[in-house]
Undergrad: 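Just passing along the structure, written as structure tokens.
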Amino acid sequence: MVDAAPSVHLAGTLVKRRGKPILGPIDLDLSGSGFTIVLGPNGAGKTTLLKVLHGVERLSDGDVSWSVPDAQAREMQAYVFQSPIMLRRSVRQNLAYPLQLLGEDKASIATKVTDWARRIGLEDALDRPAPRLSGGERQKLALGRALIRNPQVLFLDEPCANLDGRSTREIEALLKGAQTAGTRIIMTTHDLGQARRLASDLVFLLHGRLHEQGQASAFFSSPCTPEAKAFLEGDIVE
């Protein structure tokens, strides 16, 4: 099991580019448990919000406060991009890399690499160059590389974009397993079906602002605003 994840509080958090607000100001509280899905149309600020939470986006104003010191919060986190970044090495070396950074011994690394290669269905591809994998395989490798170090918080930006149904099911199974093991997951998606399957709670962004937040069941059954209702119905929201 993974140790309990920290909670996070955003107060007046604002990100500008070329003087134009692209996110915020936002006030937001996320607890240390659950599976949060961040929804919103293109340009709503979903990826920027993830980067703000992960501490890799410069703030124009406001604060991001974790319930633990910032340095400790960063050590607890992992981030998987929409287009996974592969080291130009083998699958085995990609999985081993984060554990090597943590200074784990070779025997422990070898055991964990074998275990996670099996979990992500790449046990027969351990010595294959990672850049030669298919899109679904690369995404599973990126997820395995993030989860192998048991992060308390995992950020994912559209991890199933452009994947087929089988790969999407496999990714979702890995995510459900990680959450069951205690990892706090915060993820963006355009797939409302996926949001319904995975989310415990929702954050709905529109024009860079927090438009709605709440339990997933309530959001899907009775959204509070016309914009959220239109979004769920597949209409264009401007």
Undergrad: With no hydrogens and no angle check, just 3.5 Å: does a side-chain donor-acceptor pair link N94 and R89?
TA: no
Undergrad: Who are the side-chain contact (heavy atoms from CB on, under 4.5 Å) partners of Q77, not counting sequence neighbours?
TA: H54, W66, A73, R74, V153, F155
Undergrad: Using the ring-ring contact (aromatic ring centres under 6.0 Å, His included) criterion, which residues pair with F220? Sequence neighbours excluded.
TA: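 Scan of F220 (ring-ring contact (aromatic ring centres under 6.0 Å, His included), adjacent residues dropped) gives none.
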Undergrad: Does the pair R118/D115 count as a salt bridge with the N-to-O cut at 4.0 Å?
TA: yes
Undergrad: Show every salt bridge (Lys or Arg N to Asp or Glu O under 4.0 Å) that has at least one partner inside residues 221-235, sequence neighbours left out.
TA: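 Listed by first then second residue: K229-E233.
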Undergrad: Determine the sole option in L14, V15, T13 for which the side chain to side chain contact (heavy atoms under 4.5 Å, CB included) test with D61 is passed.
TA: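 Single side chain to side chain contact (heavy atoms under 4.5 Å, CB included) partner of D61 among L14, V15, T13: L14.
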Undergrad: Name all residues meeting the side-chain contact (heavy atoms from CB on, under 4.5 Å) criterion together with S83; count only those two or more places apart in sequence or in a different chain, and write none if there are none.
TA: none
Undergrad: Going by the ring-ring contact (aromatic ring centres under 6.0 Å, His included) test, which pairs reach into residues 166-197, not counting sequence neighbours?
TA: none
Undergrad: Any salt bridge (Lys or Arg N to Asp or Glu O under 4.0 Å) pairs touching residues 191-216, not counting sequence neighbours?
TA: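 Counting only pairs at least two positions apart or across chains, the salt bridge (Lys or Arg N to Asp or Glu O under 4.0 Å) contacts touching residues 191-216 are E172-R197.
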Undergrad: V56: which other cluster members, linking ILVMFWY side chains closer than 4.5 Å, directly or transitively?
TA: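 Traced through the cluster, V56 reaches no other member.
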Undergrad: Give the minimum heavy-atom separation between L95 and I148, together with the two atoms involved.
TA: O-CD1, 3.6 Å
Undergrad: Applying ring-ring contact (aromatic ring centres under 6.0 Å, His included), which residue pairs with at least one partner in residues 90-109 are found, sequence neighbours left out?
TA: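 Checked against ring-ring contact (aromatic ring centres under 6.0 Å, His included) - neighbours excluded - no pair reaches residues 90-109.
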Undergrad: Can you tell me which residue pairs pass the salt bridge (Lys or Arg N to Asp or Glu O under 4.0 Å) test with a partner in residues 38-57, sequence neighbours excluded?
TA: R17-E57
Undergrad: Hey, mind stepping through R149 and E104 against salt bridge (Lys or Arg N to Asp or Glu O under 4.0 Å) and telling me if it holds?
TA: CA-CA 10 Å; R149 50 185 292 269; E104 294 200 19; over 6 Å; no
Undergrad: Using atom types as modelled, flag every donor-acceptor pair under 3.5 Å from a side chain in residues 126-140 to any protein atom, sequence neighbours excluded.
TA:
| unit_1 | atom_1 | unit_2 | atom_2 | d |
| --- | --- | --- | --- | --- |
| D127 | OD1 | R92 | NE | 3.2 |
| D127 | OD1 | R92 | NH2 | 3.2 |
| D127 | OD2 | R92 | NH2 | 3.4 |
| S134 | OG | E137 | N | 3.2 |
| S134 | OG | E137 | OE1 | 3.3 |
| E137 | OE1 | S134 | N | 2.9 |
| R138 | NH1 | L133 | O | 2.5 |
| Q139 | NE2 | Q82 | O | 3.3 |
| Q139 | NE2 | P159 | O | 2.8 |
| K140 | NZ | E170 | OE1 | 2.8 |

Undergrad: Between E75 and Q72 (side chain of the first, backbone of the second, donor and acceptor by atom type, cut-off under 3.5 Å), is there such a pair?
TA: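 No: the side chain of E75 does not pair with the backbone of Q72.
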Undergrad: List in chain and number order the residues that pass side-chain contact (heavy atoms from CB on, under 4.5 Å) with D124, two or more places apart in sequence or in another chain; answer none if no residue qualifies.
TA: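 With neighbours one apart ignored, the set is empty.
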Undergrad: On a heavy-atom basis, which atom in Y79 and which in L154 lie closest, and how many Å separate them?
TA: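 Where Y79 meets L154 most closely, the heavy atoms are N-CD1, 4.5 Å.
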Undergrad: Could you tell me whether the side chain of T183 and the main chain of Q152 form a donor-acceptor pair under 3.5 Å?
TA: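 A pair under 3.5 Å: no.
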Undergrad: Within this structure, what is the CG-OG1 distance for the pair D157 and T47, rounded to the nearest 0.5 Å?
TA: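 The CG atom of D157 sits 3.5 Å away from the OG1 atom of T47.
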Undergrad: The criterion is side-chain contact (heavy atoms from CB on, under 4.5 Å); which residues satisfy it with D164, sequence neighbours excluded?
TA: R166, S167
Undergrad: Step by step, work out the side chain to side chain contact (heavy atoms under 4.5 Å, CB included) result for L10 and D27.
TA: CA-CA 5 Å; L10 276 65; D27 297 317; over 6 Å; no
Undergrad: How long is the straight-line distance from CG of L28 back to CG of L210, given to the nearest 0.5 Å?
TA: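 With rounding to 0.5 Å, CG (L210) is 6.0 Å from CG (L28).
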